[in-house]
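Working notes, structure below.
Naming convention: chains lettered A, B, ... in sequence-line order (proteins, then strands); numbering from 1 in each chain. Below, all heavy atoms of this structure are taken into account, side chains as well, without hydrogens, waters or symmetry copies. This one's a predicted model, so the numbers in the text were calculated from it and none came from an experiment.
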Amino acid sequence: MTGVAEATTSILREPEYRIEGRDKVTGAARFAADIVRPGMLHAAYVTSPFPHARVVSVDLTRARAMPGVRAVLTGAETKPQRLGRRLQDWPLLAWDRVLFIGDRVAVVAADTVEIAAAAAAAVDVEYEELPAILDPEAALAPEAPVLHPDAAGYAYLGGGTRPTVPHPNVQGHGIREHGDVDAGFAASHRVYEHTFTVARTHQSYLEPRASLVWLEGDRIRVVTTNKAPFALRQHLSVSLGIPESRIVVDAGHIGGDFGGKGLSIDEFVLYHLARVTGRPVRAVTRYADELQATNTRHAARIILRTGVDPDGRILAHTSRVIFDGGAYAAGKPVATLMPGDAMLTLAGYRVPAARVEAMAVYTNQVPAGHSRAPGQPQNAFAAESHMDLIARDLGIDAFALRERNVVRPGDVDVTGQPWHGTDGAALLAKLRSASRYDDRTANIRSVGAKGIGVGIALGVRHVGRGRASMVLRVTASGHVELHTGVSDQGGGAHTVFQRIVASELGVPLEQVAVIRGTTDAVPNDPGVGGSRVTPVQGSAALAAARALKKRLGDRELEEVGALEVIGEAAQETHEASMYAYALVAEVDPDTCKVRIRQATLVADVGTVINPVALRGQLEGGFVFGLGQAVMEDLRVEDGRVVTANLGDYKIPTIADVPPLTVELLTEDPGPGPFGAKSAGELANPAVGAAVANAVHAACGVRVMSLPVTAEKIWRESRRSGS
Amino acid sequence: MKFTHTATVAASRDRVWAKLMDIPAAARCVPGVASVRAAGSDKYLGTLAVQVGPVRLVLDGDLVVTARDEKAGTASVKADAKDSRVGGAIRATMALHLSEKEDETELRIATDLAVMGRIGEFGQAVIKRKADQLMQDFADCLARQVMR
Amino acid sequence: MSYDYHEPHSLDDALALLTRFGDDGHLMAGGTATVLLMRQGLLRPAHVVSLRTIDGLSGIARTPQGGLRIGAMATHRAVERSDAARGYSPALVDAFASVATVRIRNQATVGGNLAHADPAQDPPPMLAALNATITVRSPRGERTEAVETLAVDHFTTSLSHDEVITSVLLPPILPGTREVYLKFLPQTADDYATVSVAATLRFADDATVADVRIVLGAVGPTTIRAKRVEDALRGARPTPERIRDAAALVRDEVDPLDDLRGSADYKREMARVWTERALAALTR
Ligand SMILES: Cc1cc2nc3c(=O)[nH]c(=O)nc-3n(C[C@H](O)[C@H](O)[C@H](O)COP(=O)(O)OP(=O)(O)OC[C@H]3O[C@@H](n4cnc5c(N)ncnc54)[C@H](O)[C@@H]3O)c2cc1C
């Protein structure tokens with residue numbers, strides 16, 4: 001843990017200048033798909049048109065005969081290799097059965113993208129269709145066909161053994177209980193049960209996946225859009241049976257991630273193509289395939305049951321959360337094989353007794369993986385809608401109900417653990433004043449404004465945990481170079497590190513260079529994700545600067561000559577921070593279109609290191625959440641994504657963004673450098689519920705599923721006659 | 001995608017059945033179908049050309065009568081066709097049912113259609129509408145032919 | 001994707017190329033629709049014939065009679081910013097300005113818009129409501145056609161493949177006429193319409209409706225003219241009740257698809273709401 005006093009160094013008070021900003025706006029920054037190698041070939045896949053089928057035969061004759069085709073591989077050649085971040089259950093190429101539309105059966109390497117695509121189209125595959133399981137409930141039926149009969153043989157990475165599951169079609173499962181749940185319900189004045197559903201969404205980064213693989217002696221070189229290069233090196237090593245020391249991964253600028261770019265699905269088979277052709281081979285994913293065949297956010301069905309006393313205080317809670325995991329669990333990096341926060345069903349409240357059950361289930365749908373704050377948008381939508389419904393039924397103001405229940409340090413929350421984090425009461429007090437909640441609601445009431453309402457919702461996100469190290473080198477001229485394995489996926493990590501090192505050393509920013517290295521050039525790094533970069537890797541940068549200070553003693557940088565230190569950090573404390581929204585929504589009485597007139601966000605962020613990027617993360621998080629709240633819906637019919645381009649899969653544009661007021665809580669230090677916390681996944685999950693609650697307040701209609709579209713409100717209002 | 005189409009013909013069930021089971025002739029009732037020819041028992045090869053605006057598809061494939069029961073007036077047909085230019089395929093299963101009511105026969109076709117590959121990226125709603133029209137035209141055309 | 005790209009310098013040359021290539025050739029104006037289809041692999045022409053190098057197809061000017069002529073190669077943005085177009089009808093400018101984003105509008109042309117014939121496009125209903133006609137050239141000569149009848153189905157027009165739209169002619173607007181274009185976007189501001197309504201209405205001296213034209217977008221295989229609604233209003237005094245009753249008739253005139261922008265039920269009802277709103281705006 002580091003002190004707070006240093007946080008006031010002047011460097012951190014100035015708005016930052018992004019290190020990579022100039023390269024990006026001038027086009028100098030090179031992304032994976034910009035990189036070419038002499039003799040490079042292009043890959044194209046043959047994919048399944050069926051959600052579930054047996055591969056009867058694959059005929060490569062026509063494809064192999066085409067001029068410019070250098071190699072065609074099928075699952076027969078890559079069998080039994082599978083890929084994945086934790087559980088390697090996704091075959092590089094399927095050899096007996098395909099489990100979703102887009103599952104790969106063969107791959108072509110050819111001189112041009114066009115030839116590769118034409119050859120892929122010329123591969124004749126005979127399939128025998130099998131009944132598809134498109135719904136998790138169907139997958140859980142006792143007699144349901146088992147989608148992964150060979151699961152026992154799958155590699156499970158990261159040590160330990162795969163947790164047991166109650167049904168072979170379950171990817172991951174968890175039950176957690178604390179307190180006396182039955183007694184809590186028995187003592188309750190009222191018990192409420194609600195069921196919510198959340199649509200599948202896509203991360204919608206602008207840059208599609210791209211990767212390039214070639215062999216250099218006995219080394220395998222990989223250029224990739226994967227944001228966790230060391231983890232990818234491990235995945236490749238386990239899957240291909242090649243020691244990590246022979247694999248070098250290079251992940252530079254990444255054109256957006258939002259959680260989706262931790263899963264790689266091309267590099268593995270590209271290695272085989274590079275091996276058989278002796279040439280570099282590249283794959284760049286078409287956006288239609290990004291949407292149909294990579295990894296999405298999980299669709300979910302969430303049942304919450306909560307008992308309260310007459311004042312609305314929570315006495316007991318149970319929940320059952322079912323995530324549609326799709327055909328493979330490969331996209332999920334956590335040990336439970338569920339989305340990270342799958343079990344955080346009533347986050348941010350004092351819960352004396354709870355039993356939470358969650359699971360991710362195999363289906364013949366697009367595989368689901370990680371997306372900004374995995375598991376949270378689903379659970380936050382359910383929880384904060386549930387709280388609002390309880391408040392309404394009890395005739396208690398929604399704000400007041402939350403004030404009565406919100407966690408304060410030391411309270412036991414839904415996890416059964418004492419809360420270490422934001423003082424929820426202080427957060428809500430700040431929201432009340434910043435959003436002028438009392439004035440606004442009084443105003444709406446007094447003028448009898450129809451169609452306008454205020455909705456609130458709060459959310460919780462852990463401060464990232466993990467270990468990282470970095471090397472700090474002093475050059476002969478007295479400059480310092482920080483060597484890190486952290487890629488630039490747009491969050492501003494390198495600028496964070498530069499500012500930390502410069503302010504700790506008391507030198508101008510220009511004297512500190514941040515150099516990203518490939519996996520053979522820098523110490524192991526856990527990658528970008530899990531709200532980790534500032535608290536974990538930032539702490540490593542700070543540790544490096546401190547180590548250097550110690551070595552310097554009272555010498556100046558210019559005097560010491562070449563010197564190298566290593567900074568290591570382990571951020572293992574379980575801390576969390578909170579945020580809350582108040583949204584003012586207006587609902588058109590005839591069309592039910594929702595307009596958010598104003599939004600207020602209060603967020604506990606601890607010490608601010610990059611003030612501009614921090615705002616960017618919070619505002620961007622809001623917009624990201626707004627997309628999921630009101631429009632995003634990766635629609636699937638019979639296993640096929642029908643929103644197969646970004647013209648049909650709608651995400652918000654700037655014209656959709658309402659005025660947003662952001663208020664920060666910065667006094668309470670977090671475990672990160674100088675007291676920083678995390679911000680990247682802090683703001684998006686609760687937006688959905690804030691919208692649903694505001695809509696209910698505005699027009700009396702409750703929408704129990706995301707996204708909250710005008711048509712759903714219209715349908716519901718017709719049904720209920722309100 | 002699933003559709004149901006019906007057409008009523010002022011003719012006996014037997015006459016309609018005979019017409020329906022003359023597959024090459026019946027298939028020509030689908031607008032855009034060309035060159036249907038038999039290829040073994042209950043198997044036929046043919047081509048279907050479809051145009052939606054600037055997008056032209058030429059679907060080459062086969063049609064198999066997978067079941068027929070003259071007594072019950074039911075038959076099942078499966079069609080698989082591929083467009084090699086655009087890259088994509090369709091698979092349709094059709095359950096045909098004839099029922100006689102007084103001096104009329106009702107033809108009922110329940111279709112389950114899957115549109116696969118790139119073709120499907122064009123816009124499922126429009127494809128659905130097109131397919132719907134195609135099947136209705138087929139049913140109407142059959143009805144007309146029986147009457148002739 | 002490989003094809004030969006041709007840049008003829010005269011319309012006659014362009015027509016000659018189209019005739020020569022037949023089904024293997026495809027005309028391209030701004031390319032916003034064509035290139036997307038080509039990248040999706042749905043359209044694979046061997047020859048692309050561009051209109052961009054032909055002079056004289058992009059003017060926008062008032063006619064001596066008080067109408068407006070727009071060259072087929074005028075971009076949406078050019079119409080949006082044209083004083084002549086705004087002077088003719090601000091609602092026409094609204095319709096062009098509601099297309100997509102400025103990047104698309106800078107590139108997409110009026111002729112390309114009409115030939116693309118997506119029923120959810122914005123300009124066609126407004127052009128039809130203003131009674132616009134197009135001039136079409138082919139090796140066989142010149143013909144004109146009403147915008148209202150140009151589209152015959154989803155993405156399909158009555159143009160044959162060697163016909164080129166050269167301009168759009170809008171007749172003079174009679175005094176006392178009001179026009180409006182309304183586009184309903186329930187989700188995001190950057191989208192095709194869920195429903196759109198273009199309408200023009202002219203009052204007679206006795207405050208009854210002398211004439212009215214209502215054309216809807218996105219609720220059928222082509223734009224839809226709401227003739228029953230028009231009939232219910234022509235010659236009548238447009239009171240709020242009468243407008244409400246007339247607008248309700250539109251439900252039976254539209255034939256929407258269930259799609260990502262709304263179910264058929266919702267669109268049908270929204271057609272009613274927005275028809276009523278358009279009429280209310282014209283009679284306020
Ligand atoms: C991202 C995006 C969003 C969009 N959103 C909207 C929207 O909100 N509202 C809306 O109305 N539209 C929208 N559109 C569609 C847009 O209006 C059309 O793509 C555009 O108008 C086509 O014009 P173009 O000049 O680019 O045509 P092109 O792409 O060049 O051609 C389109 C078709 O017209 C034919 N053609 C072109 N010019 C002529 C001519 N003079 N004579 C005969 N045939 C011709 C071509 O052969 C081709 O078949 C959107 C398009 C995109 C890409």
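Residue pairs meeting the side-chain hydrogen bond (donor to acceptor under 3.5 Å, both in side chains) criterion with at least one member in residues 92-107 of chain C, sequence neighbours excluded, are Glu80(C)-Arg105(C).
Residue with the most contacts toward chain C among Ile651(A), Ile654(A), Asp588(A): Asp588(A) (heavy-atom pairs, distance under 4.5 Å). When the candidates Val273(C), Asp259(C), Leu36(C), Leu260(C) are compared by the number of heavy-atom contacts under 4.5 Å with chain A, Leu260(C) comes out ahead. Between chain C and the residues Arg595(A), Arg715(A), Glu711(A), Arg286(A), the most heavy-atom pairs under 4.5 angstrom are made by Glu711(A).
Checked by atom type, the side-chain pair Thr283(C)/Arg178(C) shows no donor-acceptor distance below 3.5 Å.
Interface residue Arg261(C): only side-chain heavy atoms are found under 4.5 Å from chain A. Neither the backbone nor the side chain of Tyr192(C) comes within contact range of chain A; no heavy atom of the residue lies under 4.5 Å from a heavy atom of that chain. Residue Val113(A) does not touch chain C at all, counting heavy-atom pairs closer than 4.5 Å. Only the side chain of Thr709(A) has a heavy atom closer than 4.5 Å to any heavy atom of chain C.
Of the possible polar contacts, none joining the Asp324(A) side chain to the Ala299(A) backbone as a donor-acceptor pair under 3.5 Å is found.
With rounding to the nearest 0.5 Å, the separation of CD1 in Ile101(A) from CD in Gln365(A) is 8.5 Å.
In this structure, the salt bridge (charged side-chain N to carboxylate O under 4.0 Å, His left out) partners of Asp255(C), at least two apart in sequence or on a different chain, are Arg129(B).
Two rings, from His6(C) and His47(C), have their centers less than 6.0 Å apart.
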